[in-house]
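Working notes, beginning with the structure itself.
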Amino acid sequence: MHISSGRWLFGLFLALTTAVLWGVLPIKLKQVLQVMDPVTVTWYRLLVSGSILLAYLAASKRLPAFRPLGKKGAWLLMLAIAGLTANYVLYLIGLKLLSPGTTQLVIQVAPILLLVSSLFIFRERFSLGQGLGLLVLLIGFALFFNQRLDELLTSLTVYTTGVLTILLAAFVWAFYGLAQKQLLTVWSSLQVMMVIYLACAALLTPWAQPLQALTLSPLQGWLLFACCLNTLVAYGAFAEALAHWEASRVSAALAITPLVTFASVALAASWWPEYVQPEQINALAYGGAMLVVLGSALTALGPSLLTGWRTRKARLAAAA
């Protein structure tokens with residue numbers, strides 16, 4: 001079993017770096033999607049990230065061996081490839097229909113779906129703290145959509161289609177997460193991501209239109225390149241954070257990602273109003289977003305919070 005290094009401050013810094021990179025990503029992608037289609041953008045992101053990982057692992061002589069996977073591992077790998085490909089493409093389709101803030105908030109459902117799936121597949125326990133976190137998260141979503149609940153529940157508008165698409169992206173990501181969790185027993189995280197990124201890019205090649213990049217403005221071209229690097233650097237910081245800090249605390253820190261997006265959109269809209277539109281939500285919706293973040297953090301920290309409470313209770317009982 002992996003034990004963190006104890007350098008929690010460095011782990012916190014890396015987790016916050018990941019949250020910032022993931023938080024600003026949809027703003028950059030939104031600009032690129034004005035010219036390029038979601039499949040081609042995804043193809044570029046996966047191909048560039050996978051190629052960089054391939055060069056690094058080849059130089060360090062750490063390329064993965066496929067023989068240890070076996071038949072079961074091969075099926076898991078195909079499930080992970082299909083899940084991540086669908087997640088990336090669906091996320092961008094949804095982002096094209098929604099604002100960056102709404103997209104990033106709705107995708108918070110993904111780790112919750114992974115948690116629920118793990119309860120059944122890996123027989124993991126669901127604590128009282130996690131149940132409370134899930135309740136807070138659901139209340140937060142209800143408040144966030146307060147202006148458009150009737151639209152979401154009664155009609156299939158562009159907005160509703162966008163929300164449903166992001167929910168579907170979260171759903172297929174849970175399958176990817178479950179498969180990757182098992183693949184990590186055979187390969188390292190970098191080896192898993194290299195194979196999946198390059199395989200996903202190969203899968204999308206028949207539908208990708210690389211020449212669309214030539215129609216990008218210089219700004220959009222740099223934003224596309226930044227999106228490709230974001231995919232690689234953010235994941236690298238996330239993986240390294242797990243080496244120095246407990247996974248539950250890293251997940252809780254990453255729950256602030258939607259707030260980073262909302263803050264980034266507000267700043268970008270004030271600095272570059274010709275490129276970025278501000279979020280069209282009210283104060284109650286912003287409060288709902290805060291509750292979603294709080295619920296996500298509580299869900300991640302539920303088991304450790306409960307263990308800490310029981311430990312303190314036992315110490316007080318022993319002292320008495």
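By convention here, the first residue in the shown sequence is residue 1.
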Inset, instruction - List the atom of Gly140, the atom of Val292, and the distance in Å for their closest heavy-atom pair. - result: C-CG2, 3.6 Å

Inset, instruction - Verify, without hydrogens or angle tests, whether Tyr91 (side chain) and Ile166 (backbone) share a donor-acceptor contact under 3.5 angstrom. - result: no

Inset, instruction - Might you point out which heavy atoms bring Ala199 and Ile81 nearest each other, and give the distance in Å? - result: CB-CD1, 3.3 Å

Legend entry - Ser296 side-chain N/O to Ala255 backbone N/O, donor-acceptor pair under 3.5 Å: no

Inset, instruction - Name the orientation class of the two ring planes belonging to Trp222 and Phe225 (parallel below 30°, tilted from 30 to 60°, perpendicular beyond 60°). - result: perpendicular

Legend entry - Which residues share a side chain to side chain contact (heavy atoms under 4.5 Å, CB included) with Asn282, sequence neighbours left out: Asn146, Gln147, Leu284, Ala285

Legend entry - Lys96 side chain to Gln34 backbone, donor-acceptor under 3.5 Å: no

Inset, instruction - Could you grab the distance from atom CG of Leu223 to atom CG of Leu33, nearest 0.5 Å is fine? - result: 11.0 Å

Legend entry - Taking every non-hydrogen atom, the tightest pair across Ser264 and Ile27: CB-CD1, 3.3 Å

Inset, instruction - State, with a plain yes or no, whether a side-chain heavy atom of Leu69 is found less than 4.5 Å away from one of Leu77. - result: yes

Legend entry - Hydrophobic cluster identity match, Leu190 and Leu229, side-chain contacts under 4.5 Å: yes

Legend entry - Nearest-0.5 Å distance, CG of residue Leu47 to SG of residue Cys200: 11.5 Å

Legend entry - Leu92 CG to Leu97 CG distance, which is reported to the nearest 0.5 Å: 11.0 Å

Inset, instruction - Output the distance between atom CG (Leu232) and atom CE (Met194), rounded to the nearest 0.5 Å. - result: 12.5 Å

Legend entry - Worked check of side chain to side chain contact (heavy atoms under 4.5 Å, CB included) between Gln209 and Gln212: CA-CA 6 Å; Gln209 301 181 50; Gln212 284 184 356; 3.7 Å; yes

Legend entry - Side-chain H-bond candidate by donor/acceptor type, Thr160 with Thr157, under 3.5 Å: yes

Legend entry - Side chain to side chain, Phe145 and Tyr159, heavy atoms closer than 4.5 Å: yes

Legend entry - Side chain Thr165, main chain Gly94, donor-acceptor under 3.5 Å: no

Inset, instruction - Tell me whether Ile107 is reachable from Val24 by hopping between hydrophobic residues (I, L, V, M, F, W, Y) whose side-chain heavy atoms are closer than 4.5 Å. - result: no

Inset, instruction - Answer with yes or no whether the hydrophobic clustering places Leu98 together with Leu167; edges join I, L, V, M, F, W, Y residues whose side-chain heavy atoms lie under 4.5 Å apart. - result: yes

Legend entry - Cluster check Val89, Trp207: I/L/V/M/F/W/Y, side chain < 4.5 angstrom: yes

Legend entry - Hydrophobic cluster identity match, Val233 and Leu84, side-chain contacts under 4.5 Å: no

Legend entry - Among Val293, Val20, Leu294, the one residue meeting side-chain contact (heavy atoms from CB on, under 4.5 Å) with Ile256: Val293

Legend entry - Inter-residue atom distance Leu168.CG - Trp173.CH2, 0.5 Å rounding: 15.0 Å

Inset, instruction - Give a yes or no answer on whether the side chain of Gln220 reaches the backbone of Ser217 with a donor-acceptor pair at less than 3.5 Å. - result: yes

Legend entry - Minimum heavy-atom distance Leu203-Thr85, with the two atoms named: CD2-OG1, 3.8 Å

Legend entry - Side-chain (Gln104) to main-chain (Thr102) donor-acceptor, under 3.5 angstrom: no

Inset, instruction - Name the orientation class of the two ring planes belonging to Phe175 and Phe171 (parallel below 30°, tilted from 30 to 60°, perpendicular beyond 60°). - result: perpendicular

Legend entry - Nearest non-hydrogen partners of Gln277 and Ala269, listed with the distance: C-CB, 4.2 Å

Legend entry - CA sep, side-chain torsions, deciding dist, call: Leu291, Leu137, side chain to side chain contact (heavy atoms under 4.5 Å, CB included): CA-CA 6 Å; Leu291 285 180; Leu137 181 137; over 6 Å; no

Legend entry - Spatial distance of atom CG (Leu25) from atom CG (Leu21) [nearest 0.5 Å]: 8.5 Å

Inset, instruction - Quick one: closest heavy-atom pair of Leu105 and Pro258, and the distance? - result: CD1-CB, 3.7 Å

Legend entry - Heavy-atom donor-acceptor pair, Glu279 side chain to Phe262 backbone, under 3.5 Å: no

Inset, instruction - Begin from the C-alpha positions of Val276 and Leu267 and carry the test side chain to side chain contact (heavy atoms under 4.5 Å, CB included) through to its verdict. - result: CA-CA 9 Å; Val276 181; Leu267 286 174; over 6 Å; no

Inset, instruction - Verify the neighbour count for atom OH of Tyr275: are there more than 12 heavy atoms of other residues, nucleotides or ligands below 6.0 Å? - result: no

Inset, instruction - Write out all pairs satisfying side chain to side chain donor-acceptor pair (under 3.5 Å) with one or both partners inside residues 59-68, taking only residues at least two apart or from two chains. - result: Tyr56-Arg62

Inset, instruction - Could you point out which residue of Thr40, Thr231, Asn230 forms a side-chain hydrogen bond (donor to acceptor under 3.5 Å, both in side chains) with Arg45? - result: Thr231

Legend entry - Val195 side chain reached by Pro64 side chain, heavy atoms, under 4.5 Å: yes

Legend entry - Full working for side chain to side chain contact (heavy atoms under 4.5 Å, CB included) between Leu53 and Gln191: CA-CA 8 Å; Leu53 284 174; Gln191 290 172 329; over 6 Å; no

Legend entry - CA sep, side-chain torsions, deciding dist, call: Phe66, Trp187, ring-ring contact (aromatic ring centres under 6.0 Å, His included): CA-CA 9 Å; Phe66 286 85; Trp187 289 341; 5.3 Å; yes

